[in-house]
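Quick notes on the structure that follows.
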Amino acid sequence: MADKEYKKILIATDGSENAQKAARSGVKIAALSGAKVIALYVVEMETVGVTPEAVHRDYVASMKLAVSEHMTREQWSEFARVADDMWKTERHKHLQEKGSSVTSYVEELCKEMGAEVEIRIEEGHPANLILDVAEKENVDLLVIGTLGKTADGRFRFGSVAEKVIRNSPTELLVVR
């Protein structure tokens, strides 16, 4: 590290255990080198699938609209549109709140260790946004966590970490 001067470090975090470990390591490096930290959380709205959030969304929407059993096709279409809009609004709000919570962890680490920090919560595809921010901000080091071990005990990169590792425009610190 004595040969490398770090001025700007991007810490991409999702709040997972490995991301928190990565944040601690990245902030330590920033504090030792006098680098500024950019703490990035990405709100991903494109995720599709049956999740607890989706089930809750459907329940809340149906209760709010008091759906009867005898709806026309047009009524069901309108119900689905309203439910989807409500879900998107609630999911976006939830992820923004999560982003604030997750980045506040990095912010607190920076305060404790005396590193300057900028918080960013942006919306898009996580790997693409991490790579875009790293390039646009001309960071000297990009810090990310991985998913760690699978159920069978083998080490695996997450899809976001893998794409970032393959395409990073700068040095990487990958923590598991």
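The only member of Glu137, Glu116, Glu118 that meets salt bridge (Lys or Arg N to Asp or Glu O under 4.0 Å) when paired with Lys8 is Glu137. The only member of Leu142, Ile11, Ile144, Leu141 that meets side chain to side chain contact (heavy atoms under 4.5 Å, CB included) when paired with Leu173 is Leu141.
Leu10 places none of its side-chain heavy atoms less than 4.5 Å from the side chain of Val143. Residues Tyr41 and Leu95 are in side-chain contact: their nearest non-hydrogen atoms beyond the backbone lie under 4.5 Å apart. The shortest distance between side-chain heavy atoms of Val133 and Arg120 falls below 4.5 Å. Counting heavy atoms from C-beta outward, His92 and Trp87 have side chains that stay 4.5 Å or more apart. At least one side-chain heavy atom of Val27 sits less than 4.5 Å from a side-chain heavy atom of Met113.
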- Item | Chi angles and distances behind the side chain to side chain contact (heavy atoms under 4.5 Å, CB included) call for Lys7, Lys36 | CA-CA 6 Å; Lys7 294 179 182 175; Lys36 175 184 176 180; over 6 Å; no

- Could you go step by step and tell me if Arg176 and Glu17 meet the salt bridge (charged side-chain N to carboxylate O under 4.0 Å, His left out) rule? CA-CA 9 Å; Arg176 65 176 175 138; Glu17 183 180 337; over 6 Å; no

- Item | Residue pair Val174, Ile165: steps toward the side chain to side chain contact (heavy atoms under 4.5 Å, CB included) verdict | CA-CA 8 Å; Val174 181; Ile165 289 166; 3.9 Å; yes

- Message: Determine whether Lys88 and Met86 satisfy the following criterion, side chain to side chain contact (heavy atoms under 4.5 Å, CB included), listing intermediate values before the conclusion.
- Response: CA-CA 5 Å; Lys88 286 177 184 171; Met86 289 171 58; over 6 Å; no

- Audit row: Glu122, Val43, side chain to side chain contact (heavy atoms under 4.5 Å, CB included) steps and yes/no: CA-CA 6 Å; Glu122 299 192 22; Val43 172; over 6 Å; no

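Between Ala115 and Ala30, the closest heavy-atom pair is CB-CB, 4.2 Å. Nearest heavy atom pair, residue Ala134 against residue Pro169, reads CB-CG, 4.0 Å. Pairing each heavy atom of Asp14 with each of Ala19, the nearest pair is OD1-CB, 3.3 Å. Nearest heavy-atom pair across Val106 and Ala23 is CG2-CB, 3.9 Å. When all heavy atoms of Gly26 and Ile9 are compared, the closest pair comes out as O-CD1, 4.0 Å.
Judged by distance alone, the side chains of Tyr6 and Glu171 do bring a donor and an acceptor atom under 3.5 Å apart. Between the side chains of Asn18 and Ser16, no donor-acceptor pair of N or O atoms lies under 3.5 Å. In this model, a donor atom of one side chain and an acceptor atom of the other lie less than 3.5 Å apart for Asn128 and Lys163.
Panel note: side chain Thr103, backbone Gly99; a donor-acceptor pair is recorded below 3.5 Å. Looking at Thr170, its side chain does come within 3.5 Å of a backbone N or O of Asp140 through a donor-acceptor pair.
Between the CD1 atom of Ile121 and the CD1 atom of Ile119 there is a distance of 7.5 Å, given to the nearest 0.5 Å. Separating the SG atom in Cys110 from the CD atom in Glu107 is a distance of 8.0 Å, to the nearest 0.5 Å. Rounded to the nearest 0.5 Å, atoms OG (Ser159) and NE2 (His125) are 6.5 Å apart.
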